[in-house]
A.B. asks: 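Before we start, here is the structure in question, set down as structure tokens.
Each chain gets a letter, A, B and so on, in the order its sequence line appears, and its residues count up from 1. Only this structure's heavy atoms are used, side chains among them; waters, hydrogens and symmetry mates stay out. Just so we're clear, the structure is a prediction, and the values are computed from it rather than from any experiment.
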Amino acid sequence: MEPIIRIENVHKYFGQVHALRGVSLMVNKGEVVVVIGPSGSGKSTLLRCINRLEEYDEGEIIVDGIPLDTAANINAVRTEVGMVFQQFNLFSHMTVLDNINLAQRVIRKRSPQECDRVAMELLEKVGIPEKAKFYPIQLSGGQQQRVAIARALAMNPKIMLFDEPTSALDPEMIKEVLDVMMDLARDGMTMVVVSHEMGFARAAAHRVILMADGEIVEQGPPDQMFEHPQHERTKQFLSHIL
Amino acid sequence: MENKSRVLGGLPEKALANIPGAKAEERIDAWWGLVIAVAAITLALIIFAPDPFRRIVEFVIDGIAITIVVTVVSFLLVLVVGLLGGLGRISRSRVLRGVTTAYVEVIRGIPLLVQLLFWYYALPQVIQGFGAAIGSQALATYRADPIAMAILGLTVGYGAYMTEIVRAGIQSVPKGQAEAARSLGLTYFQSMRYVVLPQAFRTILPAIGNEFVTLLKDSSLVSVVAVPDLTRRGREFMSMTFIPLETWFMVALLYLIMTLFAARIVAWLERKTKIER
């Protein structure tokens, strides 16, 4: 099967810091990949390279057959790849509904009625249809993050990227976000998730990847990674978080 | 627990009602009283002391119109220059950044009065010289239109400050906002248009309004480059009648009515755009 994301030998420097050291990774359609690793290991940087929010200095990334080279291609990829951020990043001057509708209207050119229909369907799906007319500041963090997921889904993406989606949440709100992600995984969405939620990784991930110092150290199915890690670095990291 | 205050962003709905801005309505109305009071004093002077106050107003009234036209037209152009300049200042292109930065630094370093004198007296000379050099009769006999040159001068001068205001406004919008927009597939200009600029505009609205009021006052400088604005008409009246106290008192009142009124409009706009946040 042709992988939907091909990352080949990608290098990234932040000034003197070699943030990604030749990372290669293939993600198949429908696969859920969870990336773990200590902070500064390059996992968020790698994720942000997939939709080119971060430029890389060397190597190649091809998403759904489109190489990330020209501006037009990058934009084409972005319309097919949804992203969810640690800090939610909802548009603070727009209602929940407008947040979800903006890209559908501007890029997908859907009619207002069609936009509203899609938005309400998605709000239903993430469990907060009653918040459609609220502004982000009026919502809890968990609700904001669920809106952010709905906003990304409104573009009917083929791939969803999650950059530490629960790290800014209070513990009691983590579950409501993870439940939505779990549903997505169950529906067959291709997902790359940077997260330390081991429960989610165990339940939903097909593959867990450990990154350290800008490299992929070890990868495998969650059972194997958590129960029988091979590398010293993996054991060390897991002993800190489990 | 749904409405518990959040680490990032969320305020409980009830607390929203206690935000000062949400209750500002009554206080704003009180300041309208000042506008009305100043207008009433002016009107009383015109009615109960028509000589000289009514004569003054009748003489300078066309100057008021010119002051308003010059201010409003310049201001609209300043907004355009400020937007383009602000985008240039944060551009990834080194050339655009350099050009706009140089513009801001140079213009801010020269007194506005000197700039106005330059555009009115010096620029036509440059154009005439250029016209003569290329043999164009129209350019060689070019004569500056005072109002056009005044608008040009105010636009260029105030555009530099507006550029900095717009730049600061754009930079005040958290980076994640633009990233979220770009990650949805919006282009740079779409993300500016729909996400970044609307938020930046809300932040800088007080500063923009302040610029308008200041521009209204500084428009009096154009009286030295042959524009028959309120100030110049006042000076003409004074040199005809030799009653400086009454003349400048009335001119000051007329400016005050306009600036106070403009400030109220700005406050109203601010309130209107802020409450929904």
A.B. asks: Between A:Phe85 and chain B, which part of the residue has a heavy atom less than 4.5 Å away: side chain, backbone, both or neither?
C.D. replies: side chain
A.B. asks: Might you confirm whether atom CZ of B:Phe261 has over 12 heavy atoms from other residues, nucleotides or ligands at distances under 6.0 Å?
C.D. replies: no
A.B. asks: So, are A:Glu54 and B:Arg182 salt-bridged, with charged N and O less than 4.0 Å apart?
C.D. replies: no
A.B. asks: What is the minimum heavy-atom distance between A:Thr79 and B:Gly185, and which atoms define it?
C.D. replies: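 Nearest heavy atoms, A:Thr79 then B:Gly185: CG2-CA, 4.0 Å.
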A.B. asks: Against chain B, label A:Arg108 side chain, backbone, both or neither, depending on which of its atoms sit under 4.5 Å from a heavy atom there.
C.D. replies: neither
A.B. asks: Between A:Arg52 and B:Glu179, does a salt bridge (charged side-chain N to carboxylate O under 4.0 Å, His left out) hold up when you go through it step by step?
C.D. replies: CA-CA 10 Å; A:Arg52 200 52 195 264; B:Glu179 281 188 350; over 6 Å; no
A.B. asks: Taking atom OG of B:Ser191 and atom CG of A:Leu102, what is their separation to the nearest 0.5 Å?
C.D. replies: 10.0 Å
A.B. asks: Give me the atom names and distance for the closest heavy-atom approach of A:Asn75 to B:Thr187.
C.D. replies: ND2-CG2, 3.3 Å
A.B. asks: Grab the two heavy atoms, one from A:Asn51 and one from B:Ser183, that are nearest each other, plus how far apart they are.
C.D. replies: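 Heavy atoms of A:Asn51 and B:Ser183 come nearest at ND2-CB, 3.6 Å.
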A.B. asks: What residue in A:Val81, A:Ile74, A:Leu90, A:Val77 has the most heavy-atom pairs under 4.5 Å with chain B?
C.D. replies: A:Leu90
A.B. asks: Would you name the heavy atoms of B:Leu184 and A:Ala103 that are closest together and state the gap between them?
C.D. replies: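 Scanning both residues, the minimum pair turns out to be CB-CB, 3.9 Å.
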A.B. asks: Do A:His93 and B:Pro198 have side-chain heavy atoms sitting under 4.5 Å apart?
C.D. replies: yes
A.B. asks: Report which part of A:Arg151 has an atom under 4.5 Å of a heavy atom belonging to chain B: side chain, backbone, both, or neither.
C.D. replies: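 For A:Arg151, heavy atoms of backbone and side chain both lie under 4.5 Å from chain B.
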A.B. asks: Chain A heavy atoms under 4.5 Å from B:Gln177: which part of the residue, side chain, backbone, both or neither?
C.D. replies: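 It is both, since atoms from each part get that close.
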A.B. asks: With chain A, which of B:Pro174, B:Ala180, B:Ala181 has the greatest number of heavy-atom pairs at distances under 4.5 Å?
C.D. replies: B:Ala180
A.B. asks: Can you confirm whether B:Tyr188 is buried at OH, in the sense that more than 12 heavy atoms of other residues, nucleotides or ligands lie under 6.0 Å from that atom?
C.D. replies: yes
